[in-house]
Amino acid sequence: MLRTETITLNLGPQHPSTHGVFRLRLQLNGETVVGIEPVMGYLHRGIEKLCEQGTYVQVIPLTDRLDYVCSMTNNQAYAVAVEKLLGLEVPERAEYIRVIMAELTRIINHMMAVGFLWNELGAYFTPAMYCFRAREHILDLFEMTCGSRMMCNYMRPGGVSGDLPEGFLPAAKKFNDYFKGVIDQLETFLNENEVFLARAVDVGVLPADVAINASITGPMLRASGVAYDIRKVDHYSVYDRFDFDVPTCSNGDVYDRYLQHIKEMWQSVRIIEQALDGIPEGEVMNDQAAKALRRPPQGEAYGRIESPKGELSFYVVSDGSANPYRVRIRPPSQINLSALKEMCEGHKIQDIVIILGSINLTMADLDR
Amino acid sequence: MTNEEILSKLRERFPEVVVDVPELIDFTVAIKPEAVVDVARFLHDECGLDYLALLTAVDQTERFEVVYHLWSIKDRTTEPFVLKAYIEDKENPTVPSVTPLWRGASYQEREAYDLMGIRFEGHPNPKRILLWEGFPGHPLRKDFENRTYTFEELKPTRPTGPEW
Amino acid sequence: MQDTMSEEELIEEQIKHNIFLTTVDKVYNWGRRSSMWPVAFGLACCAFEFIATGMARYDLSRFGMEIMRPSPRQADLMIVAGTITHKMAPQVLRIYNQMPEPKYVLAMGNCAISGGPFPSYAVLQGANEILPVDVYVPGCPPRPEALLEGIMKLHDKVMHQSIKTVPWYK
């Protein structure tokens with residue numbers, strides 16, 4: 001009598017295409033995946049426990065290291081939560097600076113997503129080279145402002161830590177004009193590529209109702225057709241002064257998630273242009289912030305922003321002392337994995353790799 | 001539906017369940033832990049709160065709290081509806097799981113069990129997620145002192161064989 | 001001119017231009033340092049600066065190192081870029097054991113040197129608890145120029161090793 005068995009394959013924590021230390025246990029029937037179980041925690045650093053040991057301002061460098069590709073938006077999410085807790089107002093110039101930095105960070109993240117997706121597809125590092133070249137220009141702008149390339153530690157509750165230097169605005173404008181040519185070039189090379197279309201269309205489809213039920217947010221949700229963008233829903237910061245759209249795609253497969261990232265980069269370029277034109281003069285930090293942070297009121301606050309990966313939010317519980325009592329971080333990468341079974345089962349093993357690439361994970365955000 | 005309307009409908013439907021409505025920045029309703037699944041199903045089906053943003057476990061001195069932040073995507077609400085479950089039993093805290101209603105709660109409940117020790121009944125895969133099964137203790141509890149371990153100290157707690 | 005030189009002088013002329021005299025040590029070390037292949041082993045944030053070092057602005061392929069081998073059996077340098085947590089530590093050791101000798105370890109970033117900004121229950125306080133580290137590159141994350149300096153120091157160290165005293169031939 002013939003008897004078949006499934007193979008258990010371990011796509012281990014060290015693998016060239018899992019964006020860091022992420023482990024998958026696959027049950028394979030030949031090459032088709034019939035069961036999938038992710039194992040995470042290989043980068044769990046205990047950040048939530050460390051947040052309770054320091055003061056409110058000492059938490060900010062730890063938030064930098066959460067989702068290390070987009071460190072500015074992590075700072076912004078924490079600042080929004082603490083400002084809600086303390087009832088602080090942010091000066092206008094600081095809000096405009098925050099918008100510019102957040103959109104530049106969104107561009108970095110989406111370029112990384114596109115570059116690494118193509119790395120998984122097999123175009124070994126060539127599109128990633130183009131994307132990293134654009135990233136270097138943005139990192140020059142960050143270094144001009146806050147002194148560091150990646151771990152910026154720039155946005156504080158109450159404003160930003162320092163004003164923009166002299167040459168920042170012309171340099172940012174020059175970068176913005178140059179960057180439109182870069183996205184154009186990427187679209188020309190990559191959008192209609194036959195191999196990509198054959199491999200990515202109808203692979204890893206995520207229906208909209210499954211996405212909402214699985215608490216998925218960000219570009220993954222919008223690629224499945226739900227136009228939910230926290231910048232438009234909550235009107236946090238000064239986003240309601242800018243004119244931009246919320247693009248969506250209809251199918252929810254790997255190709256749509258890639259296209260969603262490209263469309264959102266065009267919108268970010270629009271926002272940066274309007275912000276650079278309209279930035280007012282003024283202070284960049286609320287004077288009451290330093291005093292209020294030393295003795296915050298007792299209570300809790302939930303502050304959320306639209307980070308490049310999804311909804312990033314902080315739930316801060318305070319008991320009246322100078323250290324936070326509990327800081328809980330909503331990890332967009334971990335929650336975006338909740339529907340992995342639906343997306344992956346029935347596909348071949350090489351499709352799993354590109355589906356993971358299209359979800360745009362960052363391990364430090366997943367494990368904290 | 002506004003949050004106050006939801007609260008009044010909740011009080012009509014489940015008369016004994018609401019324990020407290022504390023005065024906090026976000027609209028919060030605290031209930032008994034046994035009623036979590038029924039209340040959650042009511043909120044999901046009849047009040048349109050289809051998006052569970054965050055599930056947190058907090059270790060207050062006299063009790064554990066499990067906090068659910070709920071929003072509605074189809075109504076585009078801008079204020080969360082915060083549901084809290086007050087767990088008085090600190091020795092053996094248990095709460096029913098909401099994973100059958102909101103899939104997004106699955107990893108978050110495993111993490112609450114891993115780091116805080118709260119058991120979720122009815123969860124399809126109740127294993128530790130960020131640390132391994134033999135790790136001594138639940139780190140986010142207030143009586144767990146934050147200390148650093150060396151490699152040798154944690155060696156006997158590790159699983160052996162193909163599991164690791 | 002060659003007609004006027006005697007045969008011995010002709011041979012000596014040819015020897016000067018075509019034969020090099022050196023030591024076994026120098027050739028052995030030069031071969032090993034000129035194209036070290038790193039294992040693709042990025043753990044956390046430092047991995048991004050490592051990848052940026054391999055990209056167009058700060059080029060790693062001038063050292064012959066731009067191919068990061070996915071399999072440890074084909075690599076001879078392990079750049080520990082990022083935090084080693086207690087859950088990951090046995091896997092790091094496993095990969096180090098799979099690399100064939102001669103092998104070197106470069107600890108990149110504060111987390112690999114001594115736990116970095118995370119004195120917590122889940123982080124191994126330094127890669128040298130489990131691995132023998134040759135070069136430490138501090139920074140959080142270190143700039144690509146700093147990583148290049150670390151790599152050049154490693155090359156220096158390799159050039160000064162002698163085949164009589166290397167640990168894998170003892």
Side-chain angles (χ1 to χ4, degrees), chain A residues 10 12-21 23 39-54 58 61-62 64-69 71 108 112 115-116 119 124-126 128-137 139-140 143 148-151 153 362-365 367-368, chain C residues 39-49 51-61 66-72 75 78 80-96 98 109-111 115-124 139-146:
Chain A
N10 183 36
Q14 189 262 353
H15 185 90
S17 31
T18 49
H19 303 285
V21 283
R23 180 173 170 199
V39 180
M40 37 185 107
Y42 288 97
L43 200 52
H44 176 64
R45 303 189 262 203
I47 291 188
E48 291 183 0
K49 186 86 180 176
L50 284 175
C51 286
E52 298 171 13
Q53 326 253 310
Q58 284 175 337
L62 289 174
D64 267 336
R65 282 137 180 99
L66 273 179
D67 178 0
Y68 39 80
V69 182
S71 74
I108 289 186
M112 293 294 102
F116 283 127
N119 201 12
Y124 185 64
F125 268 118
T126 307
M129 286 258 181
Y130 285 81
C131 300
F132 267 85
R133 190 175 61 165
R135 177 182 178 249
E136 291 287 337
H137 290 291
L139 289 185
D140 280 344
E143 201 181 347
S148 152
R149 283 157 54 101
M150 273 171 75
M151 307 301 169
N153 194 5
T362 298
M363 283 309 129
D365 188 30
D367 294 332
R368 280 150 294 128
Chain C
V39 162
F41 196 58
L43 292 167
C45 344
C46 285
F48 263 80
E49 291 292 56
I51 298 174
T53 316
M55 288 286 155
R57 190 186 262 197
Y58 313 97
D59 192 15
L60 259 191
S61 66
E66 86 280 8
I67 13 169
M68 295 168 207
R69 309 308 297 169
S71 160
M78 180 183 210
V80 183
T83 320
I84 305 186
T85 59
H86 280 295
K87 194 166 180 180
M88 187 67 191
Q91 330 289 3
V92 174
L93 202 48
R94 216 176 187 183
I95 291 183
Y96 179 73
Q98 284 182 346
N110 289 349
C111 292
F118 303 111
S120 92
Y121 56 87
V123 172
L124 189 70
C140 191
R143 285 192 60 117
E145 288 100 332

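Note: hydrogens, waters and symmetry copies are ignored here, and every other heavy atom, side chains too, is used. Each chain gets a letter, A, B and so on, in the order the sequences are listed, and its residues count up from 1.
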- Contacting moiety of A:E143, where chain C heavy atoms sit under 4.5 Å: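 For A:E143, side-chain heavy atoms alone lie under 4.5 Å from chain C.
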- Given a strict heavy-atom distance threshold of 4.5 Å, which part of A:L43 is in contact with chain C: side chain, backbone, both, or neither?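 Contact with chain C is through both the backbone and side chain of A:L43.
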Using heavy-atom distances under 4.5 Å, tell me whether [X] contacts chain A through its side chain, its backbone, both, or neither.
X: C:I95; answer: side chain
X: C:V39; answer: side chain
X: C:A47; answer: neither
X: C:R143; answer: side chain

If you compare all heavy atoms of [X] against all heavy atoms of [Y], which two are closest, and at what distance to 0.1 Å?
X: A:M151; Y: A:D64; result: C-OD2, 3.5 Å
X: C:F118; Y: C:T83; result: CE1-OG1, 4.1 Å
X: A:Y42; Y: C:T85; result: O-OG1, 2.7 Å
X: C:D59; Y: C:G54; result: OD1-O, 4.4 Å

- Query: So, A:E136 and A:R149, do they make that salt bridge, N to O below 4.0 Å?
  - Reply: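 Judged by the 4.0 Å cut-off on N to carboxylate O distance, A:E136 and A:R149 do form a salt bridge.
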- Find the one option among A:Q53, A:K49, A:R135, A:R65 whose heavy-atom pairs under 4.5 Å with chain C are most numerous.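 Among the listed options, the one with the most contacts to chain C is A:R65.
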- Message: For chain C, which candidate among A:R133, A:M150, A:M112 shows the most heavy-atom pairs at distances under 4.5 Å?
- Response: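 Greatest number of close heavy-atom pairs with chain C: A:M150.
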- Query: How are the rings of A:H44 and C:Y121 set relative to one another: parallel (under 30°), tilted (30 to 60°) or perpendicular (over 60°)?
  - Reply: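 If you compare the ring of A:H44 with that of C:Y121, the planes turn out tilted.
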- Item | Closest-packed option against chain A by number of heavy-atom pairs under 4.5 Å, given C:A56, C:P119, C:G42 |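 Sorted descending by pairs with chain A, the first entry is C:P119.
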- By side chain to side chain donor-acceptor pair (under 3.5 Å) - contacts of A:T362 (at least two apart):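 A:D67, A:K309.
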